[in-house]
Colleague: 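The structure under discussion is supplied below as structure tokens; questions concerning it will follow.
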2 protein chains.
Amino acid sequence: MPIKHRRQAPTQSDVARLAGVSQATVSAVVNGRAEGHRIPADTERRVREAVRELGYVANPAARSLKSKRNRLIGVHTFESVFPISSRDFYHEFLIGVEEQAVAEGHDLVLFTSTEDPDGKRQLYRDGINRLNVADGSVLLGVTHKPSDLARLAAEGYPFVHVGRRDVPGAEIAWVGADYRSGTEALVASLAGLGHRRVAYLGTSHRMEAQIDREDGYLAGCASMGIPPMPVFMKVQDLTPEWFDVTLAGGVTAFLAGAEAQADRIAELARARGLAVPSDVSVAVLVGTVGGPEVGRSWSALGIPRNDMGRAAVRLLVEMLTEPDIARDDQVLLPCTQPDHSTIAEAAR
Amino acid sequence: MPIKHRRQAPTQSDVARLAGVSQATVSAVVNGRAEGHRIPADTERRVREAVRELGYVANPAARSLKSKRNRLIGVHTFESVFPISSRDFYHEFLIGVEEQAVAEGHDLVLFTSTEDPDGKRQLYRDGINRLNVADGSVLLGVTHKPSDLARLAAEGYPFVHVGRRDVPGAEIAWVGADYRSGTEALVASLAGLGHRRVAYLGTSHRMEAQIDREDGYLAGCASMGIPPMPVFMKVQDLTPEWFDVTLAGGVTAFLAGAEAQADRIAELARARGLAVPSDVSVAVLVGTVGGPEVGRSWSALGIPRNDMGRAAVRLLVEMLTEPDIARDDQVLLPCTQPDHSTIAEAAR
DNA sequence: ATACGTTGCTGATACGAAACAGCAAGGAGC
DNA sequence: GCTCCTTGCTGTTTCGTATCAGCAACGTAT
């Protein structure tokens, strides 16, 4: 095999020598600051000619060493990146991140080297923040160490979290989905379809997102004048007896916090000879891929994943380019309302 | 919103001050040259402690300005990265790339900024090779500008192409699948199952991979003493009449260069009341997801995608760390032989 | 006592681009 | 003849890291 030798690229000094000017002049010309540096048109022409003749291109390393910007945006997921297929939760976020990075002229650095033995990724390993190689980072997923986020914020490292995340003692930037308004609007829309009793199936996780959905449900019920009926039961406790009692109470629609609960409702309804959605309406609050039967997917509140990814990058780049201006660094994006796949008018 | 001040990332000088040594000593320690610089274990420990305490990470710009190494590996695909879902062709390659990058302690830089208006990605834009921020790159996919590869090689930029790619006038490094041996072995295995006439359905593309498969087919036929029967026809020209003539000629097995051809054979066989694989065996030479009927996928030559991704990174890192040693920089990895889903013993 | 070797560092410099201060030459105004 | 301004640059420093030459202190050999 041939021994490859990396050709030494021409520098501004090479150009300067050829054009008979100083390196500083070349820098001014190639950066379009000829005006500000009072370089006459003739000198500029000579420099540009030399640039062309030598095929000069700026060394990105030197440029970013001076400007303190690498045009590199880190992407840290708390799971492995590539194995995430399109049906996975984070995939669509990543698409948005990539698209916006392209639009902003930045490249993405995938943080893989912080992989720990469990396959989880942590921000700090041996106390070292590898994220520093990027100008700033977008964080995806749920960390099992929220304190790392606080530490990162305290260090002043610029990052944006995708998904609302409240960390005690630190105000971190995030881009989240407005589950509260989305759920509230969904309740209103169900009420508009004639449903007077809408049950809410909560989950045991009490994370930000779940709390928002619950708040939205309660607000929706309040504004439509229907009684809130939140249920916090494990899927296996949703028995036929419970179902009968619930229906007897006048419930005609169910809001499921997780897909498993919706599946269970479908099962219970089928056992009672009831059809979805003509007899009972069911909506899922987190976007999924399943449904009550083949060819029919759950009506689900849509998370604007792509937009969230894009917004996160946009916010991050703004934070990087104008660190000192006041800015709303916590962004809520509206959810899209579900289609009417498993939602229908209330049976009379 | 609070005004955030980006704390300057700590430098080697900061670490040096804390550890009570010189910047040069810090450099030696963090680069693992403690031995060569005769740094005693105790001093090294102190430095490492300071590194941890400050969260020091080398500035990639400064590092590459000086030494041309960032521990950053570029990944350039000629299509968008994240939208590629797991069933897509490149996904498994990327997994391999990521896994090996983790293993080698490198991070991945996704090159997105070279996106041109058509959505194709090109290596050069405005004559600037952005790949330079990474130490070297893995290239995936097929470029519409092979000349860029030659230019990249001529510049001495270290890169490894995934998939065999012969560029006139340049010897580029690649990691490919050994379609030739794989196809040859497949023919031999079919012969072993009693097939005395194996038809080869070629494609009109005459790329490296297709040529290799064809060569392997011919070699397999030759070594097994069966007559080669290559067919280069469009799918729509594979008529029932052609099928009848082919069967009458004693053909009992088909090798399809593309899945569409296999599908067509299945259709023709069904029309004649023949079953796959009990009456005719069919194998596909490029890995796909379909099959002759639901629940049965085509027997397909397996491309070791994960291995190829890993091998590409391994080769690249070797090229980077030891640029001057002789090395085989064109690697062929064996294909896996198909299962017996649509291959069976020849009908007598 | 002198020469020499080893240990454990440090100081200086280079990499390429950008920013800034400043200086020489020439002309205008008094 | 002197000051002051403008034009057209140049010189120098800076960014953070890596490398190399070298130096002080100490030990050992003669």
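Each chain gets a letter, A, B and so on, in the order its sequence line appears, and its residues count up from 1.
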Colleague: dC9(C) P sits how many Å from Asp42(B) CG, rounded?
Modeller: 9 Å

Colleague: Answer yes or no: does a side-chain N or O of Asn31(B) lie under 4.0 Å from OP1 or OP2 of dA18(D)?
Modeller: yes

Colleague: Could you check how far NE2 of His37(B) sits from P of dA21(D), rounded to whole Å?
Modeller: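 The answer, rounded to whole Å, is 11 Å.
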
Colleague: Measuring only between side-chain heavy atoms, which start at C-beta, is Leu152(A) closer than 4.5 Å to Leu139(A)?
Modeller: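 Touching, per the 4.5 Å side-chain cut-off.
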
Colleague: Salt bridge or not between Asp307(A) and Arg310(A)? Use side-chain N to carboxylate O under 4.0 Å.
Modeller: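 So Asp307(A) does not pair with Arg310(A) through a salt bridge.
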
Colleague: Do the side-chain N or O atoms of Arg63(B) get closer than 4.0 angstrom to the phosphate oxygens (OP1, OP2) of dC15(C)?
Modeller: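 No, no such contact exists.
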
Colleague: Mind calculating the distance between CG (Asn59(B)) and P (dT14(D)) to the nearest angstrom?
Modeller: 18 Å

Colleague: Between dG11(D), dA18(C), dG11(C), which nucleotide gets closest to the side-chain atoms of Ala24(A)?
Modeller: dG11(D)

Colleague: May I ask you to evaluate whether Thr11(A) reaches the phosphate of dG16(C), defined as a side-chain N or O under 4.0 Å from OP1 or OP2?
Modeller: no

Colleague: For a quick check of understanding: with a heavy-atom distance under 4.0 Å over all strands, which category does Val26(B) fall into, base, sugar-phosphate or nothing?
Modeller: nothing

Colleague: Name the residue closer to the 5' end of DNA chain C, choosing between Thr25(B) and Leu65(B) according to the nucleotide with the nearest heavy atom.
Modeller: Thr25(B)

Colleague: Give the intermediate values and the outcome of side-chain contact (heavy atoms from CB on, under 4.5 Å) for residues Tyr56(A) and Val30(A).
Modeller: CA-CA 10 Å; Tyr56(A) 166 82; Val30(A) 299; 4.2 Å; yes

Colleague: Look at Glu318(B) together with Arg314(B) and state whether they make a salt bridge at an N to O cut-off of under 4.0 Å.
Modeller: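 No salt bridge links Glu318(B) with Arg314(B).
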
Colleague: Can you tell me how far P of dG11(C) sits from CZ of Arg17(B), to the nearest Å?
Modeller: 13 Å

Colleague: With a 3.5 Å cut-off and heavy atoms only, can you find an N or O donor on one side and an acceptor on the other between the side chain of Gln23(A) and the base of dA18(C)?
Modeller: yes

Colleague: Nearest-nucleotide wise, let me know which of Arg38(B) and Ile39(A) is further upstream toward the 5' end of DNA chain D.
Modeller: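 Mapping each residue to its closest nucleotide by heavy atoms, the 5'-most match is Ile39(A).
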
Colleague: How long is the line joining CD of Glu35(B) and P of dC9(C), in whole Å?
Modeller: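 Taking CD of Glu35(B) and P of dC9(C), I get 14 Å after rounding.
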
Colleague: Return the value, rounded to whole Å, for the distance between atom CG of Leu54(B) and atom P of dG16(D).
Modeller: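 Going from Leu54(B) (CG) to dG16(D) (P), I get 14 Å.
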
Colleague: Under 4.0 Å between a side-chain N/O of Thr43(A) and OP1 or OP2 of dC9(D), yes or no?
Modeller: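 For dC9(D), OP1 or OP2 has a side-chain N or O of Thr43(A) closer than 4.0 Å.
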
Colleague: Please determine if a side-chain N or O atom of Tyr56(A) lies less than 4.0 Å away from the OP1 or OP2 oxygen of dA17(C).
Modeller: yes

Colleague: So, Asn31(A) side chain and Arg33(A) main chain: donor-acceptor pair closer than 3.5 Å or not?
Modeller: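 Such a contact is absent between Asn31(A) side chain and Arg33(A) backbone.
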
Colleague: Looking at the base of dA19(C), is there any donor atom on it, or on the side chain of Lys66(A), that sits under 3.5 Å from an acceptor on the other one?
Modeller: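 Looking at the base of dA19(C), it does not pair with any donor or acceptor on the side chain of Lys66(A) (distance under 3.5 Å).
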
